[in-house]
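Owing to the predicted nature of the structure, the values given are computational and were not obtained by experimental measurement.
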Amino acid sequence: MRIGFDAKRFFNNASGLGNYSRDLIRILSTFAPQNDYILYTPSTSVERYTDLVNPEQIKTPKGYINQNFPNLWRTKRIVSDLKKTRSIFFTVFLEKSLLT
């Protein structure tokens with residue numbers, strides 16, 4: 001099974017939801033290694049986290065519109081990328097402002 005994750009927090013948050021995301025991927029990779037995990041992120045600003053996964057698992061926006069409007073890619077245009085990689089599940093971590 002190919003599982004796609006919204007990995008913005010995985011790569012860009014050093015604590016909180018970032019830790020949760022990294023632990024989730026690590027645990028799933030350990031206990032369900034038969035699955036492919038694709039990590040979708042607008043950027044990988046904290047390079048130390050890129051070493052935690054295979055570079056082939058990381059998907060970033062491609063094309064002029066997606067690269068210059070990463071929020072649009074992350075909320076709408078990512079669907080075409082999910083279809084290309086045939087990811088069957090996509091999880092979204094809520095923005096902090098939505099939790100209050």
Side-chain angles (χ1 to χ4, degrees):
M1 183 177 347
R2 183 165 287 152
I3 302 172
F5 285 94
D6 179 348
K8 178 181 178 185
R9 303 287 173 226
F10 181 104
F11 291 106
N12 299 299
N13 285 52
S15 62
L17 290 174
N19 286 335
Y20 171 80
S21 301
R22 287 183 292 280
D23 283 343
L24 178 64
I25 298 301
R26 180 183 52 78
I27 291 166
L28 286 172
S29 297
T30 300
F31 292 102
Q34 70 277 12
N35 297 322
D36 293 326
Y37 301 100
I38 310 296
L39 308 178
Y40 294 90
T41 181
S43 67
T44 56
S45 63
V46 182
E47 294 300 321
R48 67 178 171 215
Y49 300 135
T50 58
D51 294 339
L52 299 176
V53 294
N54 183 330
E56 293 176 6
Q57 290 177 271
I58 303 169
K59 301 294 180 199
T60 55
K62 304 289 184 238
Y64 178 81
I65 292 174
N66 293 338
Q67 289 176 338
N68 288 289
F69 300 97
N71 289 334
L72 176 64
W73 173 76
R74 191 167 169 246
T75 58
K76 302 276 187 218
R77 297 176 62 100
I78 197 169
V79 173
S80 62
D81 290 341
L82 290 167
K83 288 178 182 177
K84 285 178 192 171
T85 60
R86 296 184 177 187
S87 296
I88 62 163
F89 180 72
F90 183 68
T91 184
V92 177
F93 298 118
L94 294 175
E95 296 291 330
K96 225 180 198 181
S97 61
L98 296 176
L99 298 174
T100 58

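To the nearest 0.5 Å, the span separating OG on Ser29 from CG on Leu52 amounts to 10.0 Å. Put simply, CZ on Phe5 and CD1 on Ile25 are 4.0 Å apart, with the number rounded to the nearest 0.5 Å.
Between the Asp6 side chain and the Lys8 main chain, a donor and an acceptor come within less than 3.5 Å of each other. In this structure, the side chain of Gln57 engages the main chain of Tyr37 through a donor-acceptor pair within 3.5 Å.
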Take Phe10 and Leu24 through the side-chain contact (heavy atoms from CB on, under 4.5 Å) test and state the conclusion after the steps.
-> CA-CA 10 Å; Phe10 181 104; Leu24 178 64; over 6 Å; no
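Counting only residues at least two apart or in different chains, salt bridge (Lys or Arg N to Asp or Glu O under 4.0 Å) contacts with residues 25-34 comprise Asp23-Arg26. Pairs of residues two or more places apart, or lying in two chains, never qualify as salt bridge (Lys or Arg N to Asp or Glu O under 4.0 Å) while including a residue from residues 55-64.
Every residue two or more places apart in sequence or in another chain was checked for a side chain to side chain contact (heavy atoms under 4.5 Å, CB included) with Thr75, and none qualifies. In this view, Pro61 and Asn66, Gln67, Trp73 satisfy the side chain to side chain contact (heavy atoms under 4.5 Å, CB included) rule, not counting sequence neighbours. Residues passing the side-chain hydrogen bond (donor to acceptor under 3.5 Å, both in side chains) test with Asn54, sequence neighbours excluded: none. Annotation: side chain to side chain contact (heavy atoms under 4.5 Å, CB included) contacts of Ser80 (sequence neighbours excluded): none.
Other cluster members for Phe69: Tyr64, Ile65, Leu72, joined by side-chain heavy-atom distances under 4.5 Å among Ile, Leu, Val, Met, Phe, Trp and Tyr.
Contact between Val53 and Phe11 at its shortest, heavy atoms only, is CG2-CZ, 4.4 Å. Nearest heavy-atom pair across Thr44 and Asn12 is C-OD1, 4.3 Å.
Side-chain N/O atoms of Arg22 and Asn19 include a donor and acceptor closer than 3.5 Å.
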